[in-house]
Amino acid sequence: MKYLVIAESFKKYNLVCNNSILGTMTYKGWLNTQSPSFTRQNEKSFKVEKPSIWKSNFKISIANQVLFEFLFKWNGKIEIKVYRDNVVETIILKLTHFWKSKYGLLDESGKEIVTISSKYNWKTWKTNYTLTENVSFHHDYKEIVYLSAIHCIIILKNRAAAAAA
């Protein structure tokens with residue numbers, strides 16, 4: 001299955017599959033440093049908690065139940081803890097190809113579940129993303145996983161830009 005994350009503006013990204021919007025990620029400010037809000041089709045907003053202003057780590061919850069926890073590691077990998085049915089699964093988001101700006105979501109065994117590639121449009125100054133499922137990924141909130149992975153990639157790109165300046 002192929003998904004697209006289309007930048008509607010600098011503040012709003014839509015997850016699209018088969019010409020229908022499955023979810024939306026919206027930033028409060030123009031700079032993407034604040035925690036975004038996530039909404040899924042016909043559902044209320046998910047709560048994003050950032051425990052510290054000094055770290056990029058964050059949690060996503062709904063109805064006081066933590067669904068995902070994102071932990072930024074020193075080596076550039078992002079550990080995503082998925083909580084469901086009293087079981088904790090770990091997914092890793094990592095850069096797989098530097099020059100082509102490709103990322104991968106890896107399962108606990110190291111197998112790539114989803115390939116994420118980005119395409120920057122110089123004319124509009126917006127980046128769109130393509131997510132390709134390599135194996136069938138089943139989760140009740142996988143749209144939120146995909147949009148939050150894009151948020152993590154934006155954070156990593158902002159860090160790289162800040163380091164280069």
Side-chain angles (χ1 to χ4, degrees), residues 1-8 12-27 32 35-43 45-50 55-63 65-120 126-160:
M1 181 79 64
K2 200 174 229 180
Y3 297 87
L4 298 173
V5 176
I6 299 170
E8 190 175 304
K12 188 172 184 179
Y13 293 83
N14 294 323
L15 178 66
V16 178
C17 183
N18 297 329
N19 295 325
S20 64
I21 296 175
L22 303 177
T24 303
M25 175 175 62
T26 308
Y27 290 100
N32 297 338
S35 298
S37 63
F38 297 100
T39 54
R40 206 166 71 156
Q41 191 176 29
N42 300 326
E43 273 195 55
S45 188
F46 293 79
K47 185 177 179 185
V48 178
E49 299 175 46
K50 195 169 176 189
K55 292 185 177 181
S56 298
N57 300 345
F58 63 96
K59 296 177 184 179
I60 298 177
S61 58
I62 190 167
Q65 178 188 2
V66 176
L67 300 173
F68 309 105
E69 187 174 3
F70 294 80
L71 305 169
F72 286 73
K73 301 297 183 181
W74 64 272
N75 58 2
K77 294 180 183 177
I78 299 165
E79 188 177 290
I80 304 168
K81 293 190 180 215
V82 180
Y83 299 96
R84 66 172 151 182
D85 301 329
N86 296 326
V87 177
V88 179
E89 297 176 29
T90 302
I91 300 173
I92 302 293
L93 173 66
K94 73 174 214 172
L95 181 67
T96 57
H97 199 285
F98 180 76
W99 295 112
K100 293 184 180 179
S101 191
K102 285 193 176 183
Y103 295 82
L105 282 175
L106 310 169
D107 64 7
E108 292 175 328
S109 65
K111 186 175 180 183
E112 192 169 75
I113 304 168
V114 178
T115 303
I116 303 171
S117 59
S118 63
K119 182 163 172 72
Y120 184 74
K126 295 178 185 170
T127 304
N128 294 326
Y129 300 88
T130 303
L131 293 88
T132 307
E133 289 181 339
N134 300 330
V135 295
S136 185
F137 177 59
H138 298 289
H139 193 280
D140 294 340
Y141 298 106
K142 78 176 177 180
E143 299 90 355
I144 304 304
V145 172
Y146 293 164
L147 286 170
S148 54
I150 299 303
H151 172 61
C152 293
I153 291 169
I154 291 170
I155 290 173
L156 292 175
K157 285 184 176 186
N158 287 347
R159 280 186 183 174

Could you measure the distance from the [atom1] atom of [X] to the [atom2] atom of [Y]? Nearest 0.5 Å is fine.
X: Lys111; Y: Asn134; atom1: NZ; atom2: CG; result: 8.5 Å
X: Met25; Y: Glu143; atom1: CE; atom2: CD; result: 14.0 Å
X: Glu89; Y: Ile80; atom1: CD; atom2: CD1; result: 11.5 Å
X: Ile78; Y: Lys94; atom1: CD1; atom2: NZ; result: 12.5 Å
X: Leu4; Y: Tyr13; atom1: CG; atom2: OH; result: 14.5 Å
X: Ser117; Y: Tyr103; atom1: OG; atom2: OH; result: 11.5 Å

Assess whether side chain to side chain contact (heavy atoms under 4.5 Å, CB included) is satisfied between Asn128 and Thr130, documenting all intermediate values. CA-CA 7 Å; Asn128 294 326; Thr130 303; over 6 Å; no

Does this structure show an ion pair linking Glu112 with Lys102, if we count only N-O contacts that are shorter than 4.0 Å? no

Does the pair Lys81/Glu79 count as a salt bridge with the N-to-O cut at 4.0 Å? yes

Determine whether a donor-acceptor pair (N or O, by modelled atom type, separation under 3.5 Å) exists between the side chain of [X] and the backbone of [Y].
X: Glu49; Y: Lys59; value: no
X: Lys126; Y: Glu8; value: yes
X: Asn75; Y: Lys77; value: yes
X: Asp85; Y: Val87; value: no

So, for [X] and [Y], which heavy atoms are closest and what is the spacing to 0.1 Å?
X: Val114; Y: Leu131; result: CG1-CB, 4.0 Å
X: Phe72; Y: Ser56; result: CE1-O, 3.3 Å
X: Leu106; Y: Ile113; result: C-CD1, 4.1 Å
X: Gly76; Y: Leu156; result: O-CD1, 4.0 Å
X: Thr26; Y: Lys12; result: OG1-CG, 4.1 Å
X: Thr96; Y: Gly104; result: CG2-N, 3.8 Å

Between Phe70 and His151, does the ring centre distance come in under 6.0 Å? no

Ring centroid separation for Phe46 and Tyr141, is it under 6.0 angstrom? yes

Tell me yes or no: between the side chains of Lys157 and Thr127, is some donor less than 3.5 Å from an acceptor? no

Answer with yes or no whether the side chains of Ser109 and Asp107 bring together a donor and an acceptor at under 3.5 Å. yes

With a 4.5 Å limit on heavy-atom distance, are the side chains of [X] and [Y] in contact?
X: Ile150; Y: Leu15; result: no
X: Ile154; Y: Tyr129; result: yes
X: Leu22; Y: Tyr146; result: no
X: Ile60; Y: Ile144; result: yes

Before giving the answer on side chain to side chain contact (heavy atoms under 4.5 Å, CB included), spell out for Ile116 and Val5 the whole-Å C-alpha distance, their side-chain angles and the decisive distance to 0.1 Å. CA-CA 10 Å; Ile116 303 171; Val5 176; over 6 Å; no

Might you work through the side chain to side chain contact (heavy atoms under 4.5 Å, CB included) test for Cys152 and Phe58, ending with a clear yes or no? CA-CA 10 Å; Cys152 293; Phe58 63 96; 3.9 Å; yes

Is it true that, when you exclude Asn86 itself, more than 12 heavy atoms of the residues, nucleotides or ligands shown sit nearer than 6.0 Å to its CG? no

